[in-house]
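The structure under discussion appears below in the form of structure tokens.
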Amino acid sequence: MALSFDSDHETNELRDGGKSIGRLAWGQYGNRVGVPRILALLARYAVKASFYVPAVAALTYPDEQRRVVAEGHEIGIHGWIHELNSVLPYHAERELMLRAADALERITGRRPVGLRTPSWDFSPHTLRIEQEMGLLYDSSLMADENCYELLLDGAPTGVIEVPVEWVRDDAVYFMMNRFQSLRPYTPPADVLDIFRRELDAAHEEGALCQLTFHPHIIGYRSRIWILEELIRHAQSRGDVWFGTHADVAAWARDHAS
Ligand SMILES: [Zn+2]
């Protein structure tokens, strides 16, 4: 089981040059309440997870990143300011990715080994840049439910994909847009049901169950229990291994069939 938390915080509003202090405050909740609540929960059940942090969020909240690493979790690259890679020219995407990795290393003392593209927006150049950076893994694509090696022009890259899916992402069920009439909303108990079915079926197959959460989405009192219930359910099985995405990618690389 691989749990991940995308600590986007205020970066979506900042990226767009937005001036809404209200929306910035929503992002700030991720730092003030979301991440501490998640870290406390993970510590209670001795579970290690992966946090994907845009460099601007890490620079805004360096102490948060140091605490995440000190508590045994992984921090991976999540863009400079949650930019969309597919609209950037190659050199700009590469520059931002390298600068983001440097910033995370400077703050946490660890060089990140994995990348989750912001909004899972993987450009035609992303893989080439990941390969050049010598990354162990990517976690932005959806071609499988288990890990697989990414190919570039048909050639193996050594970059392992730890696949994501919208169906295993809290944002899909809980996000709303204040200025659109369409506001999809799934009750928390139903989201637990979906995630638990993903976990149970993966367990049955002896396979990977990867999940994506956001501190400013899952952190609320009426939702955080979903995460706790999932962890309890997994641990009650007795043989579920929790790894960071880096752990899972390394395992997949070493056990490639
Ligand atoms: Zn994100």
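Start at 1 and go down the list; that is how both ligands and their atoms are numbered.
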## Note on the structure
Contacts of Ile107 meeting side chain to side chain contact (heavy atoms under 4.5 Å, CB included) (sequence neighbours excluded), chain-then-number -> Ala58, Leu59, Pro62, Gln65, Arg66

#### Entry: Under-4.0 Å salt bridge between Asp6 and Arg116
yes

### Query
Do any of the N/O/S atoms of Asp6, backbone or side chain, fall under 2.8 Å from the Zn ion (ligand 1)?
no

### Glu228/Arg44 salt bridge by N-O under 4.0 Å criterion
yes

### Task
For the Zn ion (ligand 1), decide whether His78 has an N, O or S atom at a distance under 2.8 Å.
yes

### Query
Among all residues two or more places apart in sequence or in another chain, which pass the ring pair (Phe, Tyr, Trp, His ring centres under 6.0 Å) test with Tyr137?
none

### Summary
Looking at His82, the N, O or S atom sitting nearest the Zn ion (ligand 1) is NE2

